[in-house]
Amino acid sequence: MEPAFLNHLNEVQKVAVLQSEGPVMVLAGAGSGKTRVLTYRVAFLLSQGVEPYNIMALTFTNKAAREMKDRIISLVGDQKSRSVWMGTFHSVFAKILRFECEKIGYPNNFTIYDTDDSKSVLKAIVKEYQFDDKAYSPGFLLNRISSAKMNLIDPDMYLQDPEIQYADKSANKPLVGQIYKEYWKRCRRSDAMDFDDILYNTDLLFRDFPEILLKYQNRFHYILVDEYQDTNYAQYLIIRRLAALRQNICVVGDDAQSIYAFRGANIQNILNFSKDYPDHKIFKLEQNYRSTKNIVDAANSVIVNNKSRLHKEVWTENDVGEQISLFKSSNDAEEALMIANSIFHSRMTYQMNNSDFAILYRTNAQSRALEEAMRKLNIPYRVYGGISFYKRKEVKDMLGYFRLVVNPADNEAFFRVINYPTRGIGNTTINKLSLLATQYEKPIWDIVENLDKIPNDFNSGIRRRIGDFYTLIKNFQLIEEKTPAYELAKKIAAASGMMKALFEDKTPEGVSRYENLEAVLNGVKMYEDDFATENEGAAARLVDFMLNVALLTDMDEKDDENDKDRVSLMTIHAAKGLEFPFVYIGGLEENLFPNSMSVNSRAELEEERRLFYVAITRAMKKLTLSFAEMRYKWGEMNFCEPSRFIDEIDGKFVDIPRKFVQKSVAANTFNPLDKKEKTGNVFAKKQISNSAPPPTKDKNFLPGELAKISDIAEGVRVEHARFGHGTVVKVEGEGPNIKASVEFDGFGVKQLVLRFARLKLSDK
DNA sequence: CTCCTCCCTTTTTTT
DNA sequence: AAGGGAGGAG
């Protein structure tokens with residue numbers, strides 16, 4: 001008999017859920033309930049008697065996994081749902097590696113290096129080899145290495161591949177392969193895996209050890225993958241291996257929402273599905289339940305501009321709803337205030353909660369101005385992403401101690417804590433130790449451990465200090481296995497001297513840092529409790545906690561139950577999979593969104609457009625777009641052009657105030673080049689003539705009007721609020737910093753920054 | 001060895 | 001705007 005909860009689904013969703021055996025792909029438009037299908041599928045399987053530990057569900061964030069789990073619990077109960085393997089690719093496979101990695105030469109207390117650790121290793125390599133640190137910046141190298149690993153290319157393959165070598169040589173960076181090899185060696189030596197290694201090594205494990213693969217094939221009878229369009233090659237291959245035996249695999253995805261190509265996501269994975277599983281079934285979910293007709297249609301009108309996409313028609317039976325609003329502001333601070341104001345009023349008018357609102361943006365840096373505005377208007381908010389809790393210095397330091405206790409070979413952890421709090425072991429000493437480690441090809445810890453057996457020139461004072469540090473850490477290493485995580489963490493925190501150092505710092509920052517340390521310890525405690533629930537009361541060790549914490553992001557932080565009613569601020573990437581009644585998208589400007597890094601190729605531009613599509617389709621009831629004419633970047637004010645994406649939305653869905661169009665076109669006259677491009681855009685033209693009469697051509701400006709910057713030229717007569725009338729004698733500078741020297745009648749020559757001067761044209 | 005100041009780069013998105 | 005690195009004083 002079908003469980004009653006299946007009545008919550010529409011016909012297609014239901015069929016997709018009931019098709020529980022064999023390969024299934026669900027292609028689903030935004031808001032059409034794809035996560036719902038996954039959730040109900042798991043619930044359905046459980047209700048049919050499938051054992052929870054036979055199901056693996058991979059999601060994009062830990063938060064998504066947790067929400068799905070809660071939902072399943074509410075459908076079929078706690079007992080049945082608890083031991084479903086649910087989580088991100090990284091967290092699920094890190095867990096498997098913890099059990100199996102000895103096969104591939106890692107101890108099971110391996111460390112997971114985060115991006116900062118990886119960069120720090122790369123920086124050290126470039127420095128030691130005295131390579132050009134401009135050409136070989138850590139960020140660039142990590143990108144290269146990461147792409148290689150995602151495509152399962154190890155250093156030897158990298159060095160032997162003629163195409164890659166040619167590309168690196170042409171880019172004048174022939175040494176990348178060599179650095180990759182050294183980086184690989186050092187990670188191994190430190191018993192450390194970076195994010196990409198988790199996938200690479202999982203694939204390696206399954207590739208080279210068929211008996212292990214078989215074990216997990218027999219373990220996971222049913223495999224479900226969310227956001228399939230964003231999987232990379234390594235993830236694709238792992239899934240294919242695991243599913244090969246039973247072929248009970250269900251993937252859901254939407255090619256129009258693929259926004260992680262920069263992280264190796266490959267749309268090919270969707271196309272390959274049909275080839276890999278000839279017996280597959282495909283279901284298309286095209287009815288949107290989330291958004292108003294206006295929003296759905298506007299999103300469709302944007303995405304048709306992409307050439308590469310699979311055919312899919314998203315439609316809705318929902319109300320037409322309000323038109324999309326467009327805000328124009330003169331700078332980022334004003335934009336933020338407009339948005340904050342609008343939230344304030346909408347919340348009153350429609351009797352909504354703060355949590356019904358979200359502000360989305362392209363880059364994390366944009367959150368600052370928005371936060372200020374929210375504070376000014378006393379609107380509670382939460383920023384997701386940005387500087388995550390686990391990236392703060394004091395938190396990383398504390399975790400550094402934990403890491404070194406759990407894995408003595410972890411060099412990055414060693415560097416981090418050897419002299420913090422300061423214990424008289426300075427850079428010279430650390431460099432010497434580091435050099436010895438490279439010479440002996442050993443972790444630094446081994447050098448420290450055997451300092452009296454190897455020749456060195458440390459004086460007795462330094463030896464004693466190093467010895468003290470060694471003893472401090474060693475004592476904890478010896479009891480790690482037998483001590484529950486929280487108890488050990490508390491001891492380490494106290495003995496390290498960190499608690500004391502920060503407790504004594506009574507500055508506000510110091511107090512907050514101390515609180516952060518307490519939060520870390522609370523985190524250990526909470527983890528220990530969860531671990532006990534999931535493992536029949538077993539006590540978590542610190543090593544378990546560390547594996548988990550390395551893969552947490554602050555998207556995953558649990559919301560404070562008592563303080564949930566906040567406006568959400570996040571990047572569009574982070575907003576994927578979420579929905580809000582009211583959505584604001586800020587910073588719709590050329591070179592910001594689409595980002596200047598992504599306007600050089602069609603593929604990149606199309607990804608930006610998909611990102612815009614994702615942003616639009618987060619909105620349920622009301623969408624507001626916003627752009628500013630000026631914005632701070634790297635501490636400097638810059639002029640901005642409205643984003644081309646605004647023009648791509650069919651004008652009939654957008655509410656453009658009349659005065660606004662005139663002003664906006666006038667602003668564009670500033671840059672003659674851009675104007676040419678704009679008028680060449682049929683969409684733009686049509687939109688403007690649809691919504692407003694053509695703007696007045698203002699060659700014959702009227703005296704008394706505020707002058708446009710382009711009008712200011714040598715010889716022009718102007719009027720200033722304080723200095724009165726005068727003649728422009730010189731114009732210099734560029735963009736926002738254009739200055740004019742004006743000879744005022746009676747005040748002499750003054751230099752004015754035009755964007756502040758508010759000059760009027762004068763006929764006197 | 002430690003602490004301070006100045007100068008430099010950095011930001012596109014994330015597990 | 002802010003954090004990290006280099007360089008100098010104590």
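Each chain gets a letter, A, B and so on, in the order the sequences are listed, and its residues count up from 1.
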**Complete:** Taken in chain and number order and not counting sequence neighbours, the residues that satisfy side chain to side chain contact (heavy atoms under 4.5 Å, CB included) with A/Asn591 are A/Ser596
**Asked** When the distance from CD of A/Glu589 to P of B/dT12 is rounded to whole Å, what number comes out?
**Response** 15 Å
**Request:** Just jot down the side chain to side chain contact (heavy atoms under 4.5 Å, CB included) partners of A/Val511, sequence neighbours excluded, or say none.
**Result:** A/Glu515
**Request:** For A/Thr59 and A/Thr61, indicate whether the former's side chain and the latter's backbone hold a donor-acceptor pair under 3.5 Å.
**Result:** yes
**Position toward the 5' end of DNA chain B (nearest nucleotide), A/Phe195 or A/Lys633** = A/Lys633
**Passing candidate, ring-ring contact (aromatic ring centres under 6.0 Å, His included) with A/Tyr200, options A/Trp184, A/Phe195, A/Phe89** = A/Trp184
**Request:** Provide, to the nearest angstrom, the distance between the OH atom belonging to A/Tyr113 and the C1' atom belonging to B/dT14.
**Result:** 21 Å
With 3.5 Å as the limit, what N/O pairs link the protein to nucleotides 1-9 of chain B?
residue	atom	partner	partner atom	Å
B/dC1	OP1	A/Gly426	N	2.7
B/dC1	OP1	A/Thr429	OG1	3.0
B/dC1	OP2	A/Thr428	OG1	2.7
B/dT2	OP1	A/Gly424	N	3.0
B/dT2	OP2	A/Asn419	ND2	3.3

**Prompt:** For the pair made of CG in A/Asn62 and P in B/dT15, what is the distance, rounded to whole Å?
**Reply:** 9 Å
**Prompt:** Does a nitrogen or oxygen in the side chain of A/Asn595 sit under 4.0 Å from OP1 or OP2 of B/dT13?
**Reply:** no
**Asked** Which residues satisfy the ring pair (Phe, Tyr, Trp, His ring centres under 6.0 Å) test with A/Phe99, sequence neighbours excluded?
**Response** none
**Asked** How long is the line joining NZ of A/Lys63 and C1' of B/dT14, in whole Å?
**Response** 16 Å
**Complete:** Which of B/dT15, B/dT12, B/dT11 is nearest the side chain of A/Arg263? It is B/dT15
**Asked** A/Ile572 has an atom CD1; how far is it from atom C1' of B/dT12, in whole Å?
**Response** 11 Å
**Message:** Without decimals, in angstroms, what is the distance between A/Arg631 CZ and B/dT11 C1'?
**Reply:** 13 Å
Could you list the protein-to-nucleotides 1-10 of chain C atom pairs, N/O on both sides, closer than 3.5 Å?
residue	atom	partner	partner atom	Å
C/dA1	O3'	A/Arg368	NH1	3.0
C/dG5	OP1	A/Lys123	NZ	3.4

**Prompt:** Heavy atoms under 4.0 Å, any strand shown: does A/Asp114 hit a base, just sugar-phosphate, or nothing?
**Reply:** nothing
**Asked** Are A/Ser598 and A/Glu608 linked by a side-chain donor-acceptor pair shorter than 3.5 Å?
**Response** yes
**Fill in**
A/Tyr381 meets the ring pair (Phe, Tyr, Trp, His ring centres under 6.0 Å) criterion, sequence neighbours left out, with none
**Message:** Rounding to an integer number of Å, can you tell me how far A/Asp196 CG sits from B/dT14 P?
**Reply:** 16 Å
**Prompt:** Quick one: salt bridge (charged side-chain N to carboxylate O under 4.0 Å, His left out) partners of A/Arg241, sequence neighbours excluded?
**Reply:** A/Asp203
**Residues touching DNA chain B, which here means a heavy atom under 4.0 Å, drawn from residues 89-101 of chain A** = A/His90
**Request:** Give the stems involving DNA chain C, where a stem is 3 or more consecutive Watson-Crick or G-U wobble pairs (i with j, i+1 with j-1, and so on) under 3.5 Å.
**Result:** B:1-10 with C:1-10
**Message:** Would A/Arg382 pass as a cation-pi partner of A/Tyr384, given that its NZ or CZ must be under 6.0 Å from the six-membered ring centre and within 45 degrees of the axis?
**Reply:** yes
**Message:** My understanding is that only residues two or more places apart in sequence, or in another chain, count here; which of them pass ring pair (Phe, Tyr, Trp, His ring centres under 6.0 Å) with A/Phe60?
**Reply:** A/Tyr260
**Request:** Find the distance A/Leu360:CG to B/dT14:P and express it as a whole number of Å.
**Result:** 12 Å
**Prompt:** Between A/Glu607 and A/Ser137, which is nearer to the 5' end of DNA chain B once each is assigned its nearest nucleotide?
**Reply:** A/Ser137
**Request:** Using a 4.0 Å heavy-atom cut-off across all strands, classify A/Phe593 as base, sugar-phosphate, or nothing.
**Result:** nothing
**Asked** Which one of A/Leu547, A/Asn407, A/Asp410 satisfies the side chain to side chain contact (heavy atoms under 4.5 Å, CB included) criterion with A/Asn109?
**Response** A/Asn407
**Item:** side chain to side chain donor-acceptor pair (under 3.5 Å) partner of A/Lys149, chosen from A/Asp196, A/Asn201, A/Asp194
**Value:** A/Asp194
**Prompt:** What residues form a ring pair (Phe, Tyr, Trp, His ring centres under 6.0 Å) with A/Phe220, not counting sequence neighbours?
**Reply:** A/Trp85
**Partner set under side chain to side chain contact (heavy atoms under 4.5 Å, CB included) for A/Asn143, not counting sequence neighbours** = none
